[in-house]
*Asks:* 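Following this message is one structure expressed as structure tokens.
Note on naming: letters A, B, ... go to the chains in the order of the sequence lines (proteins, then strands), and numbering restarts at 1 for each one.
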Amino acid sequence: MTSILNQDFFESFDTLTLAQKLLGKELIHESTEGITSGIIVETEAYLNNDKACHSFGGKTLRNSPMFGPAGTSYVYQIYGIHHCFNIVSSKSGIGEAVLIRALEPASGIDLMQSRRQKVKLKDLCSGPGKLVQAMDILKNQNGNKLFNPPLYLKEGIEVGAIIETTRIGIGEGKDEHLPYRFYIKDNKFISKP
DNA sequence: GTAGGGATAATCT
DNA sequence: GATTATCCCTACG
């Protein structure tokens with residue numbers, strides 16, 4: 001019995017529940033440069049009946065990992081410059097996922113800072129594009145399973161109160177009011193209060 | 001301290 | 001050709 005989260009964990013909850021369960025877990029990347037890790041402090045859920053979800057309106061080449069089994073990673077590029085990292089949830093063929101929006105840096109902080117050039121600790125992973133850069137999650141992780149190195153999750157800290165609120169960056173008329181964003185109350189490493 | 005808008009390219013219609 | 005699950009720099013008080 002290790003503390004690495006296995007497929008059972010990801011399959012045991014629906015997407016909204018999983019988004020909350022992931023708070024406090026530790027995301028670890030063993031790269032050739034060294035190990036970096038952080039505690040997940042902010043997530044967003046994307047459901048298949050939700051207009052803001054990439055899988056809404058059918059499967060395409062880009063979103064095909066979302067239709068894979070729970071625990072698959074889904075990495076995509078947004079706004080031409082940034083990447084976002086998601087964990088696929090639900091059963092195969094459904095097309096739901098949890099976006100990881102922010103981490104609290106835990107291990108390999110020096111390495112993360114050198115990748116991101118002189119940023120304060122608080123700003124190192126406080127956003128989807130930032131944490132991907134700090135952790136050096138590349139697009140070649142797209143479609144990988146998160147049960148084994150180099151990229152995996154394990155049990156983290158106990159979380160206190162969880163705040164439930166609306167998601168960020170969703171356009172009007174796309175279910176932007178849905179309370180599908182979750183973060184740890186009073187944590188200083190979230191992207192936005 | 002906060003607010004606003006430009007950068008930039010893969011993906012889809 | 002439009003759109004996008006963002007970041008960062010600049011301007012202003």
*Asks:* Would you find a donor on one side and an acceptor on the other, under 3.5 Å apart, between the side chain of A:Arg116 and the backbone of A:Leu124?
*Replies:* yes
*Asks:* So which atom in A:Pro193 and which in A:Ile190 form the shortest heavy-atom distance, rounded to 0.1 Å?
*Replies:* CA-CD1, 3.8 Å
*Asks:* Measure CD/A:Gln77 against C1'/C:dC7 and give the value in whole Å, please.
*Replies:* 13 Å
*Asks:* Check this one for me: any side-chain N or O of A:Arg101 less than 4.0 Å away from OP1 or OP2 of C:dT6?
*Replies:* yes
*Asks:* Does any N or O in the side chain of A:Asp175 come within less than 3.5 Å of the main-chain N or O of A:Asp50, such that one atom is a donor and the other an acceptor?
*Replies:* no
*Asks:* Go through B:dC12, C:dT6, C:dC8 for me and flag the one nearest to the A:Thr60 side chain.
*Replies:* B:dC12
*Asks:* If you count the non-hydrogen atoms of other residues, nucleotides and ligands that lie under 6.0 Å from NZ in A:Lys21, is the total more than 12?
*Replies:* no
*Asks:* Would you kindly give the NZ-to-C1' distance between A:Lys122 and B:dG1, to the nearest whole Å?
*Replies:* 12 Å
*Asks:* Any sub-3.5 Å donor-acceptor pair from A:Glu44's side-chain atoms to A:Ile168's backbone N or O?
*Replies:* yes
*Asks:* Which nucleotide in the list C:dT6, C:dC8, B:dC12 gets nearest to the side chain of A:His82?
*Replies:* C:dT6
*Asks:* Could you write out DNA chain C as dot-bracket? Rules: Watson-Crick or G-U wobble, both distances under 3.5 Å, brackets [ ] for crossings, | for pairs with another strand, dot for unpaired.
*Replies:* ||||.|||||||.
*Asks:* Rounded to the Å, how far apart are A:Arg116 CZ and C:dC7 P?
*Replies:* 8 Å
*Asks:* Could you tell me the separation between the CD1 atom of A:Ile78 and the P atom of C:dC8, rounded to a whole number of Å?
*Replies:* 16 Å
*Asks:* Determine yes or no for a side-chain-to-main-chain donor-acceptor pair under 3.5 angstrom, with A:Asn63 supplying the side chain and A:Gly58 the backbone.
*Replies:* yes
*Asks:* Just how far, in rounded Å, is P of C:dT4 from CD1 of A:Ile170?
*Replies:* 10 Å
*Asks:* Could you work out which one of C:dA5, C:dC7, B:dA7 sits closest to the side chain of A:Met66?
*Replies:* C:dA5
*Asks:* Side chain of A:Tyr76 only, please: which of B:dA7, C:dA5, C:dC8 is the nearest?
*Replies:* C:dA5
*Asks:* To the side chain of A:Leu61, which of B:dC12, B:dA7, B:dT11 is closest?
*Replies:* B:dC12
*Asks:* Counting only side-chain heavy atoms from C-beta out, which of C:dC8, C:dT4, C:dT6 sits nearest to A:Lys174?
*Replies:* C:dT4
*Asks:* Between C:dC8, C:dT6, B:dT11, spot the one nearest the side chain of A:Lys139, thanks.
*Replies:* B:dT11
*Asks:* Verify the contact: side-chain N or O of A:Arg62 to OP1 or OP2 of C:dT3, cut-off strictly under 4.0 Å; return yes or no.
*Replies:* no
*Asks:* Atom NE2 of A:His54 to atom C1' of C:dT4: distance rounded to whole Å?
*Replies:* 7 Å
*Asks:* Can you check the A:Lys120 NZ to C:dC7 P distance for me, whole Å?
*Replies:* 17 Å
*Asks:* Among the candidates C:dC7, B:dT11, C:dT4, find the nucleotide nearest to the side-chain atoms of A:Pro128.
*Replies:* C:dC7
*Asks:* Between C:dT6, C:dC8, B:dA7, which one does the side chain of A:Ile81 approach most closely?
*Replies:* B:dA7
*Asks:* May I ask you to say whether A:Lys25 pairs ionically with A:Glu155, meaning some side-chain N is under 4.0 Å from a carboxylate O?
*Replies:* yes
*Asks:* Going by 5.5 Å between centroids and 30° between planes, is there a stack of A:Tyr46 over C:dA5?
*Replies:* yes
*Asks:* To the nearest angstrom, how far is A:Tyr183 atom OH from C:dA5 atom P?
*Replies:* 21 Å
*Asks:* With sequence neighbours excluded, tell me which residues meet side-chain contact (heavy atoms from CB on, under 4.5 Å) with A:Asn144.
*Replies:* A:Ser73, A:Gln141
